[in-house]
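Sequence lines set the chain letters: A, B, ... in the order given, protein chains first and strands last, and positions in each chain run from 1. Everything numeric here is computed off the predicted structure, so don't read it as measured data. Just so it is clear, the values below take in all heavy atoms, side chains as well, and ignore hydrogens, waters and symmetry mates.
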Amino acid sequence: MVRAYDPRVIETKWQERWERDRAYSVDEDPAKPKYYVLEMFPYPSGDIHMGHVRNYTIGDVVARQLTMAGHQVLHPIGWDAFGLPAENAAIKSNTHPAEWTYANIDKQASSFKRMGFSYDWDRTVVTCDEDYYRWGQWIFLEFWERGLVERKSSPVNWCPSCKTVLANEQVLGGGECWRCKSTVEKRELEQWYFKITEYADELLDDLDTLTGWPERVKAMQANWIGRSEGAEVDFTLCDAEGEPTEKTITVFTTRPDTLFGCTFFLLAPEHPLVHELVHGTEYAASVLEVVAAAAKETAVERAMGEREKRGAFTGRYVVNPVNGEKVPVWVADYVLMEYGTGAVMAVPCGDQRDFEFARAYGLPIPPVVLPEDDPALESLREVRERVVDDVTWECAYDGPGIMVQSGTFTGMPTGKGGTGVAAVTRWLEDRGKGRFAINYRLRDWLISRQRYWGNPIPAVHCSACGLVPVPERDLPVRLPPEVDITKGETLADHPEFYETTCPSCGGPARRETDTMDTFTCSSWYYLRYCDARNEQAIWDSAKAGYWMPVDQYIGGIEHAILHLLYSRFFTKVFRDMGLVSFGEPFTRLLTQGMVRKDGDVMSKSKGNVVAPEDMIAEFGADALRAYILFMAPPDKDLEWSREGLEGMYRWLGRVWRLVSEVAEVTAVGCGVATAADLESKALHREMHRVIGKVSDDISRFQLNTSIAAMMELTNAAYEYRNNVAPGARDRALERSVAESLTLLLAPYVPHMAEELWSGVLAAEGSVHRQGWPAFDAAAAAADEVEMAVQVNGKVRGRVTVAADAAEEQVIAAALEAVAGHLEGKEILKTVVVAGKLVSVVVR
RNA sequence: GCCCGGGUGGCGGAACUGGCAGACGCGCCGGUCUCAAAAACCGGUGGCCGAAAGGCCGUGCGGGUUCGAUUCCCGCCCCGGGCACCA
């Protein structure tokens, strides 16, 4: 009588043994090819959820399979432990953030162990540990020395609920805080920045080298960086009497070829020049009204997009450099101070926004670019000076075409590559009135946070010396544990923390009390894993050189911009510092889909959460692992189904019984499968087909179909058992199938496979130390194939032929099989697709 | 508006670079075992017509290329996501 499958007993047993044996600790081994599998490290929020199960199971299967396939695999884990939720939870439960954080880490760590994840626990990093965050401070100082740190005052995003500023990347589409979803406000504040814009070009260009990344992630980053090429153009400002002054205002435009169509000039309401221009004039009242209305707008209203555009004339003019025309300067609420220069040349014929504005305020709209097939082109092409002051169009034309009413450029194509663009830019450059320019949407990364539970910024404010970095020898700046978060305290409430002396002059000074954005901590943890316990350096470059870059990174799409962009930036700086020799940290990226239930993402607020711990208790971690991989491809969303999990548990039971039954009548080394008869041959072939399929599927992350293939092998083995009398069975073959199946299953259901291997089958060593089953193409090849026969594109019959049959033989057999459909017809053509089908065309 | 995904049975999903659509699982239906149930095992399961053999239809919609299209091309529709008054 075979023992029943009991995951509870098996799983605990092996988990204890793996932990005792430090079974998954690795070191560098130059003799083996390395592979670094990394899942985005978790925030210690408490209980694990299905998203964790999915993310970490995918990585675990890859890590385990590659280990069996002969790679030296690094598969670490750690915790992104600083951050606001710890503060909020501490306030709620009247504890300290550290207490809450470490308790949750313990909780999650034991859940991960219950899932059977093969982590190297000796390399664990926790970002709120002093021996981790001190290196974060060291990075800050290095960045500072390289001129990548800046403290400046500008309008920033402020979350009133989190009581801190946020980076642009942390403000969601509707102007909401990424963490608490409150509407953010704009405030003018002095803050710390990392100059990520210095790497904008590289961050964009290198996306092309990331062939192992999903298109959509690259598209999102490219979108976010938002590079546009064009020109800067200098407009001369006129005085109140309309006479040109020495002063110029520069604009950025992507369409210098439309410069002749500029009939007015716009300033953002926040533009510093606005007040100066209208001060004491009759235009002041209406202009300031526009300015005030714009200031009142919240980020949400601004994000609403196209609304009615408002503006007011300032009473001043600027000179258009290409034609010397004086055009009026207006203030308009659709001009953004954050982008470009905060000033815009308005070309109403070519820009829909300018078009609408011109219509609303009665400004002229002369055409300067016409589509190539426009009938008006004939009469306008030769005209050098302007003759048409207003178009009859319904909307602006921003496509390519022929330049008209554009002085010496008239008749020139704007061109796909920008012929007119280049010509006008050169013209401006020659006269010192403009230049080629590139603009980015990307802003510098605001990294300071007015919160306690974070990495202190190692800087000192000295009234004599200004901003002074904390010397490296004084690191770390310790985060004092005595801050009482339940009373709303921050570092700024603790004089014993901030009262200090200036490292430069020795005089009294004030320590910086802001902490760093948690995303600074997660931008380099993958490198620290390579040498997690190093106390002398951030990491040993030989060790990082061995393991890095990460071969396969796995995580949620929510980090498509945030974490992934920041980490790429850090890596490029590390490269420039000589700390690493590569510029991209993650060679391949997989963004796993979400786990849904009843159509919604699982969440506490929706009340549709299925707790992994409950499922483990009921069906075991192995069934849960296999289930979550089987239900959908890893990158697609997955709809939770309890029935599906039950089905997976059933299959594992089937495998268990199959292997157990075979083990009862066979022994290790019971001989080589002869596979003499037809049934045995078929099973032998199926075994090799599945070995090939599973190996291939794993390499392409088609984990769902790899499990389907193992189910097929299970079904084939059962069919063999049911159809062949016990005495006639090839026992060695059955043994071989059972062993192969167990090996294939090892990465997916590590506990069950281990028990089957070393317990049930009584084979040698740990299943996880065995070699991955080798695919034998010859053994997988069939000697006979069934082919479909099509007549005029429809399947009308099928033939079974020898796999190596000559084409003439195949055609002859095929024609015979569909003879009924060929009567009285003329055969025009036959097509043979080897091993698949024969297509006959008749008339 | 721009940029990415995606539309296949009752459901989740298969189908490598154009080659038998629906693998595998769930669900459902029928059977074996049982006093009965559960478990397990066996069989069936895209739609329509048919007793069956078989036939016709079928991968969001409309065209096209091809002996052959879920796959390639053109034109749409719908769903999800990112960015968005970015000059």
In whole Å, I'd like the distance from the CG atom of Asp333(A) to the C1' atom of C86(B). 15 Å
Gap in Å between the two C1' atoms, one belonging to U70(B) and one to A53(B), rounded: 30 Å
Heavy atoms under 4.0 Å, any strand shown: does Glu786(A) hit a base, just sugar-phosphate, or nothing? base
Look only at the side chain of Ser839(A) and the backbone of Gln790(A), and say whether a donor-acceptor pair between them is shorter than 3.5 Å. no
Output the rounded distance in Å from CZ (Phe630(A)) to P (C24(B)). 10 Å
Is any side-chain N of the basic residue among Asp201(A) and Arg227(A) closer than 4.0 Å to the acidic one's carboxylate O? yes
Within the 4.0 Å heavy-atom criterion, would you say Pro214(A) contacts the bases, only the backbone, or no part of the nucleic acid? nothing
Just by distance, do the side chain of Arg798(A) and the backbone of Val789(A) share a donor-acceptor pair under 3.5 Å? no
Shortest side-chain distance from Arg650(A), nucleotide among G82(B), G12(B), C26(B): C26(B)
Pair Arg721(A) + Glu661(A): basic N to acidic O under 4.0 Å: yes
Partner of A21(B) under the Watson-Crick or G-U wobble criteria, both distances under 3.5 Å, comes out as none
Are any of the side-chain nitrogens in Glu215(A) or Lys218(A) under 4.0 Å away from the carboxylate oxygens of its partner? yes
Establish whether the base of C20(B) is bridged to the side chain of Lys836(A) by a donor-acceptor pair shorter than 3.5 Å. no
Tell me which nucleotide, if any, is Watson-Crick or G-U wobble paired with U32(B) when both distances must be under 3.5 Å. A40(B)
Applying a 4.0 Å non-hydrogen cut-off, can you work out what Ala708(A) is touching in the nucleic acid: base, sugar-phosphate, or nothing? base
Taking the chi torsion of G9(B), is it syn (within 90° of 0) or anti (everything else)? syn
Taking pairing as Watson-Crick or G-U wobble with both contacts under 3.5 Å, can you name the mate of G50(B), or confirm there isn't one? none
Identify the pairs formed between an N or O of the protein and an N or O of nucleotides 68-72 of chain B at a distance under 3.5 Å, and give each distance.
none

Counting any heavy atom closer than 4.0 Å, what does Ser228(A) reach on the DNA or RNA strands: base, sugar-phosphate only, or nothing? sugar-phosphate
Could you check how far CE of Met711(A) sits from C1' of C24(B), rounded to whole Å? 6 Å
Is Gly226(A) touching bases, backbone alone, or none of the nucleic acid, heavy atoms closer than 4.0 Å? nothing
Whole Å only: how far is the CD atom of Glu169(A) from the C1' atom of C83(B)? 13 Å
When the nearest nucleotide of RNA chain B is assigned to Lys636(A) and to Asn704(A) on a heavy-atom basis, which residue is associated with the more 5' position? Lys636(A)
By a strict heavy-atom criterion of less than 4.0 Å, which residues belonging to residues 687-694 of chain A are in contact with RNA chain B? none
Below 6.0 angstrom between ring centroids: does that apply to Tyr361(A) and Trp330(A)? yes
Under 4.0 Å: is that the gap between some side-chain N or O of Arg657(A) and OP1 or OP2 of C41(B)? yes
What residues, two or more places apart in sequence or in another chain, satisfy ring pair (Phe, Tyr, Trp, His ring centres under 6.0 Å) together with Phe619(A)? Tyr649(A)
Is there, by distance only and without an angle test, a donor paired with an acceptor across the side chain of Arg798(A) and the base of C20(B) below 3.5 Å? yes
Go ahead and name the base partner of G10(B); Watson-Crick or wobble counts if both distances stay under 3.5 Å, otherwise write none. C26(B)
Step-by-step salt bridge (charged side-chain N to carboxylate O under 4.0 Å, His left out) determination, Lys597(A) to Asp600(A): CA-CA 5 Å; Lys597(A) 183 153 181 290; Asp600(A) 290 315; over 6 Å; no
Can you tell me if Arg596(A) touches the phosphate of G12(B), counting only side-chain N or O atoms and a distance under 4.0 Å to OP1 or OP2? no
Describe the nucleic acid contact of Asp637(A) in one word from base, sugar-phosphate, nothing, applying a heavy-atom distance below 4.0 Å. sugar-phosphate
Nearest-Å distance once atom P is located in both U65(B) and G27(B): 46 Å
Give a yes or no on whether the backbone of Arg54(A) and the side-chain of Thr57(A) come within a donor-acceptor separation of less than 3.5 Å. no
C1' atoms of A69(B) and G62(B), separation to the nearest Å: 15 Å
Scanning both residues in full, the closest heavy-atom pair of Thr250(A) with Thr341(A) reads O-OG1, 2.7 Å
Shortest side-chain distance from Thr253(A), nucleotide among C42(B), C4(B), A87(B): A87(B)
Using modelled atom types and a 3.5 Å cut-off, is there a donor and acceptor pairing between side-chain atoms of Asp697(A) and backbone atoms of Leu703(A)? no
Decide, yes or no, whether a salt bridge links Arg596(A) with Asp637(A) under the criterion of side-chain N to carboxylate O below 4.0 Å. yes
Can you see if the side chain of Lys218(A) gets near the phosphate of G5(B) - specifically, an N or O under 4.0 Å from OP1 or OP2? no
Rounded off to whole Å, could you give me the CZ-to-P distance for the Arg441(A) and A87(B) pair? 11 Å
Partner nucleotide, any strand, of C16(B) [Watson-Crick/G-U, under 3.5 Å]: none
Heavy-atom nearest nucleotide on RNA chain B taken for Val841(A) and for Arg255(A); more 5' hit belongs to Val841(A)
Electrostatic pair Glu646(A)-Arg650(A), nearest N-O below 4.0 angstrom: no
Of the listed G19(B), G55(B), C24(B), the closest approach to the Val833(A) side chain comes from G19(B)
Just N and O in the side chain of Arg654(A): are any of them under 4.0 Å from OP1 or OP2 of C41(B)? yes
Can you tell me the base-pairing partner of U70(B)? Count Watson-Crick or G-U wobble geometry only, both distances below 3.5 Å, and say none if there is no partner. none
Between C85(B) atom C1' and Glu356(A) atom CD, what is the distance in whole Å? 9 Å
For a quick check of understanding: with a heavy-atom distance under 4.0 Å over all strands, which category does Asn439(A) fall into, base, sugar-phosphate or nothing? nothing
Hey, is the side chain of Arg700(A) poking within less than 4.0 Å of OP1 or OP2 on U17(B), counting only N and O atoms? no
Please check the phosphate of C42(B) (OP1 and OP2 only) for any side-chain N or O of Asn723(A) closer than 4.0 Å. no
Using the side-chain heavy atoms of Ala219(A), tell me which of these nucleotides is nearest: A87(B), A15(B), C4(B). C4(B)
Heavy atoms only, 4.0 Å cut-off, all strands: where does Arg843(A) land among base, sugar-phosphate and nothing? nothing
Return no unless some side-chain N or O of Gln221(A) is found under 4.0 Å from OP1 or OP2 of G82(B). no
I want to check one thing: is the phosphate of G1(B), taken as OP1 and OP2, less than 4.0 Å away from some side-chain N or O of Arg353(A)? no
Nearest whole angstrom, please: distance from the P of G12(B) to the CD1 of Ile628(A). 17 Å
Nucleotide C85(B), atom C1' - distance to CD of Glu270(A) in whole Å: 13 Å
If the threshold is 4.0 Å, N to carboxylate O, is there a salt bridge linking Asp234(A) and Arg435(A)? yes
Name the closest nucleotide to the Glu712(A) side chain, picking from A23(B), C56(B), A87(B). A23(B)
Tell me which nucleotide, if any, is Watson-Crick or G-U wobble paired with G5(B) when both distances must be under 3.5 Å. C79(B)
